[in-house]
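Since the structure comes first, as structure tokens, the remarks are kept for the end.
Quick caveat, the model's predicted, so the values are computed rather than measured. The sequence lines fix the lettering, A, B, ..., with proteins before strands; numbering per chain opens at 1.
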Amino acid sequence: MADISIEQIRHSMAHIMAEAVTGMIPGTKVAIGPSIENGFYYDFDLPRPLLEEDLEEISSRMKDIIKGNFSFTKTVVSRKEAENLFSDEKYKLELLKAIPLNEDVSLYTQGNFTDLCRGPHVESTSQLNAGSFKLLSIAGAYWRGKETNPMLTRIYGTAWKNPKELRLYLKQREEMEKRDHRKLGKALDLYSTHEEAGPGLIYWHPKGARIRLAIEDYWRDVHYKNGYELLYTPHVGKAWLWETSGHLGFYNESMYSPMEVDENDYFIKPMNCPFHIMIYKTNIRSYRELPLRWAELGTVYRYEKSGALHGLLRVRGFTQDDAHIICTPSQVEDEILEVLRFSLDMWKSFGFSDVKAYLSTRPEKCVGSEEAWARATSSLQKAIEAEGLSYETDEGGGAFYGPKIDLKIRDAIGREWQMTTVQFDFNLPERFDMNFVDSDGKEKRPYMIHRALLGSIERFFGVLIEHYAGAFPVWLSPVQVRIIPVAEAFNEYGENLLKQIRQKGVRVEIDKSDNRMNAKIRNAQKEKIPYMLIVGEKEAETSTVSLRLRTGEQENGLAVGKFIDDTLQKINDKVLI
RNA sequence: GCCAAAGUAGCUCAGGGGUAGAGCAACGCUCUCGUAAAGCGUAGGCCGUGAGUUCGAAUCUCACCUUUGGCUCCA
């Protein structure tokens, strides 16, 4: 028996599900059903809506089919035969037409179900395990992924080699649910959204704001240290600005409707770049002042379809950690290298060290000379290679205005998130007629690079919550220290401590509730506060604290001064705890 | 925007054509406590919004809003 791949198992499961569904609901038309990461799906055109309860019956029918020991048989047929066979299946006919003429048309049959399919499959359902799959959800999906096509009903399932692997996967899903930033955001009182006040708009609560401030303070600090200047620009701009930039032409769908001021249309900004360019153009620029590196935590608003909104990860108003680098062509290579190095450095500080690059190159329709594209693309590639990053190239995947690098970071449970983007722009310098005077006295066009390292503060915050499961490193924790007097009598000593520690700039609180100490500890644990200071008679008498970490470790009889010094050191070193 | 499901107290959830339920949180009182929940009590809701069916709607129907899972799109 040949080795069975997990893809074969999943793909075969999809066929079995299709057999179950077509057997259960007459009149069902089948579309496509591939294996995917972790499982499979199949798209159906159903005569009636599918209910959650239906999944149970489909599931049990699938189990019966698997236990029936049916073999998967492949037959190669002529196009004519296939057309006759699928005369009732319009989606299959469409797929059939798409098969290149020099390729065989093959069918796979198991039990009562025959599908147009390239394969491969398992040899028999006996090679599958009825206990190693689970149907997960029902979803709508456009036929062939096109918005204008009819919507089909998709059933997602997960399938594995054996029940143990299935259990492991389901457990991992539970872990993901526990880390869900929307749950933790509420439980830890970090942020909220409000349907009455507008969906997709984020309200940062005091604790969320503490974290954001810690991120932003660090961000500003390292930007200055890396040779950037910081800008502040307006939130709205007149139509002229967006006409000139071209956004009203190619980005209109994502922009909010204009507001009228003194008979002029003003648009709320979906991007910061035109504003930075306005500043650039306040002066004649010499080659001597380039490169300019201008950064801004710029809040932008973009219209997102209602169904696309998702917690902090997909919102309608967000703050980009944006910057524009304006430089001469000869400076490009160094600049890109620096941006990449800077970015990796920043990711490391936040606890992400697994980073992968994606290079997108020149598409068919684009602006800018071929030479400029080549130069830009090669500088991107060189930078990736110099940093030793593994990367993939998306040929022709760049925007019309320039090539780009995107960085994806891997989180604590192995998921990839697209965050950093470094993009060339050959469009805006033209449109805004940006110039600099070169050493030969002639006016020349500068290169412009957009870059966002964290991407957006909101999305980054969401990823950060999930990465740390809410237990942030000390330097980011909204409350770094919670003082827990064992009884009311020691509140005063606790208050003294509070003042001393707060004085040093540490985020500290005292729990003066009439809870017992155990309950106070429990509450602090649930809030994932890194340091708990338990203080009672012993500590008050000796000017010490009993330190409890959220990991459960403890160190008793610690001198107050030493605790403060150690804590400051840990905050400074950005250690986890 | 599209397909499907959901919305009940601050939070997590039960109930379901005939006076609205629990736990936690909040508030009050008692206890003054040593490393993950002390005890008792009080208050809290137009059952997402609007219309309809009905003697009567949180419950049934429709529309809308929002959320969730997808599709499309993307920082």
Can you list, pair by pair, the side-chain donor-acceptor contacts under 3.5 Å of residues 406-414 of chain A, counting residues two or more places apart and other chains?
unit_1   : atom_1 : unit_2   : atom_2 : d
A:Asp406 : OD1    : A:Thr421 : OG1    : 2.9
A:Asp406 : OD2    : A:Lys404 : NZ     : 3.1
A:Arg410 : NE     : A:Asp354 : OD2    : 3.2
A:Arg410 : NH1    : A:Gly414 : O      : 2.8
A:Asp411 : OD1    : A:Ile413 : N      : 2.9
A:Asp411 : OD1    : A:Gly414 : N      : 3.0
A:Asp411 : OD1    : A:Arg415 : N      : 2.9
A:Asp411 : OD2    : A:Arg415 : NE     : 3.0
A:Asp411 : OD2    : A:Arg415 : NH2    : 2.9
A:Asp411 : OD2    : A:Trp417 : NE1    : 3.0

Please report, to 0.1 Å, the donor-acceptor pairs under 3.5 Å made by any side chain of residues 188-198 of chain A, with sequence neighbours excluded.
unit_1   : atom_1 : unit_2   : atom_2 : d
A:Ser192 : OG     : A:His194 : NE2    : 2.8
A:Ser192 : OG     : A:His205 : NE2    : 3.4

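Taking atom C1' in both B:G21 and B:U61, one finds a spacing of 27 Å when rounded to whole Å. Nucleotides B:G7 and B:U12 place their C1' atoms 14 Å apart, quoted to the nearest Å. Annotation: B:U19 and B:G56 have their P atoms spaced 15 Å apart (nearest Å). B:C11 and B:U67 have their P atoms separated by 15 Å, with the value rounded to a whole Å. Using P as the reference atom, B:C46 and B:G50 are 12 Å apart when rounded to the nearest Å. Rounded to a whole angstrom, the distance from the C1' atom of B:G45 to that of B:C13 is 15 Å. Look at the P atom in both B:C33 and B:C24: the space between them is 25 Å, to the nearest Å.
Residue A:Lys538 is classed as a base contact, given a heavy-atom separation below 4.0 Å to a base.
Applying the ring-ring contact (aromatic ring centres under 6.0 Å, His included) test to every pair with at least one member in residues 343-367 of chain A, sequence neighbours left out, gives these pairs: A:Tyr218-A:Phe350, A:Trp347-A:Phe352, A:Trp347-A:Phe460, A:Phe350-A:Phe460, A:Phe350-A:Trp475, A:Phe352-A:His467.
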Is there any protein nitrogen or oxygen under 3.5 Å from a nitrogen or oxygen in nucleotides 36-39 of chain B, and what are the pairs?
unit_1 : atom_1 : unit_2   : atom_2 : d
B:A36  : N7     : A:Arg548 : NH2    : 3.4
B:A36  : N6     : A:Gln525 : NE2    : 3.2
B:A37  : N7     : A:Arg522 : NE     : 3.2
B:A37  : N7     : A:Arg522 : NH2    : 3.1
B:A37  : N6     : A:Arg522 : NH2    : 2.7
B:A37  : N1     : A:Arg522 : NH1    : 3.4
B:A37  : N3     : A:Arg522 : NH1    : 3.4
B:A38  : O4'    : A:Arg516 : NH1    : 2.8
B:A38  : N9     : A:Arg516 : NH1    : 3.1

Give me, pair by pair, the N or O atoms of the protein and of nucleotides 43-50 of chain B that are less than 3.5 Å apart, along with how far apart they are.
none

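Contacts of residues 478-495 of chain A with RNA chain B (heavy atom under 4.0 Å): A:Val486, A:Ala487, A:Glu488. RNA chain B is contacted by no residue of residues 339-362 of chain A, taking any non-hydrogen atom closer than 4.0 Å.
Checked against salt bridge (charged side-chain N to carboxylate O under 4.0 Å, His left out), A:Asp345 has no partners two or more places apart in sequence or in another chain. Applying the side chain to side chain donor-acceptor pair (under 3.5 Å) test to A:Tyr493 and every residue at least two apart in sequence or in another chain returns nothing. Listed by chain and number, the residues in a salt bridge (charged side-chain N to carboxylate O under 4.0 Å, His left out) with A:Asp394 amount to none (sequence neighbours excluded).
A stem is defined here as three or more consecutive Watson-Crick or G-U pairs, each with both distances under 3.5 Å; for RNA chain B these stems are B:1-7 with B:65-71, B:10-13 with B:21-24, B:26-30 with B:38-42, B:48-52 with B:60-64.
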message: I need a per-nucleotide contact map over nucleotides 69-75 of chain B, read 5' to 3'. Cutoff is protein heavy atoms under 4.0 Å; write B for the base, S for backbone only, - otherwise.
response: BBBBBBB
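In this structure, the ring of A:Tyr42 has its center less than 6.0 angstrom from the ring center of A:Phe44.
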